[in-house]
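First up is the structure itself, then whatever we jot down about it.
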Amino acid sequence: MRAGVVDAEGTVRDTARAATPRSDGALEAAVAGVVAQLARRHRIGSVGLALAGFVTPDQRSVRFAPHLSWRDAPVADRIAHRIGLPVVVEHDANAAALAERRFGAAAGASTVVFLALGTGIGSALLLDGELYRGAHGVAPELGHVRVVPSGRACPCGKSGCWERYCSGTALAATAVELLAGDGGRSSVLARLVAADPGQVTGQRVAAAAREGDGVAIAAMADLARWLGEGLTLVADVFDPELVVVGGGVAESAPLFLDEAREHYAATVTGAGRRALARIRTAQLGEAAAVVGAAQLARELNGV
Ligand SMILES: [Zn+2]
């Protein structure tokens, strides 16, 4: 887990890190530990916790988090009890989207779709400037919208989900598929696959694409097409004015974003006869969720 001390301008003043333990109690103790560590050096007013998981609409409890032990756990109250400070909990993509709206790429925008392309797709929706959470607090899960019937299996239990074709993981999977076909012999990625296909990661594919590797460039083009394709679905449902693309994959945006925009513009419903969403990269990088969680925490204190 990463923690940061964030000021009112959204600047991260200090950071701390800790391992993520497995059990509820150890997890809560670890969060309290990093807060205590930072509180020795700074005056902390309140704490925001961002995580990948389903958070209740009151931002107090975690219903389910795939990588953490919390199940229907009153996390905010438990941690507040340990540290003696107000605590708020938020989905990490929601927190990042709020930070981008307040301090980054979505400043001033009212209808925004935020996508964090990493291991999967983290997504958030701002409608009229407010987070949209759905009736039960679990919306949106755009990464698990099915784009390919009978497509790649997804850990969520479905198949053909958008994030299986448009994420760092997807980039690696596509490169391995292309290498298994013909024509991948000269690729620098071929050596990695021969040793262990698990060594092909999204980051390595992106690095190879930057160096002009044919297979890696083709994998990037595939991601670009699926990003554009998914955005046409998103546009049909939400008609956003702005799409912000963040997450680790966004660091390689020059390799795919223009192509994604073109595919989106050419294939969206009513192409050529409607206003299109602007598509931009996120500005706050990997600090976005920390900055957004801190902003929510600041609002708890009415400042
Ligand atoms: Zn899925």
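In this text, all values refer to a predicted model and were calculated from it rather than measured experimentally. Side chains are part of it too, since the values below use all heavy atoms of this structure and drop only hydrogens, waters and symmetry mates. Numbering of ligands and ligand atoms starts at 1, following listing order.
If you count the protein N, O or S atoms nearer to the Zn ion (ligand 1) than 2.8 Å, you get 4.
Relative to the six-membered ring of Tyr165, Arg152 meets both conditions, a distance below 6.0 Å and an angle of at most 45° to the axis.
Checked by atom type and distance alone, the side chain of Glu163 pairs as donor or acceptor with a backbone atom of Ile121 at under 3.5 Å. Remark: the backbone N or O of His144 is paired with a side-chain donor or acceptor of Lys158 at under 3.5 angstrom.
Taking OH from Tyr264 and CG from Leu227, the interatomic distance works out to 11.0 Å, rounded to the nearest 0.5 Å.
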>> Please evaluate residues Arg274 and Asp239 with respect to the criterion salt bridge (Lys or Arg N to Asp or Glu O under 4.0 Å), reporting the C-alpha separation (whole Å), side-chain torsions for both, the decisive distance (0.1 Å), and the verdict.
In response: CA-CA 10 Å; Arg274 65 184 281 172; Asp239 183 26; 3.6 Å; yes
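When all heavy atoms of Val205 and Ala219 are compared, the pair lying nearest together is CG1-CB, 4.0 Å.
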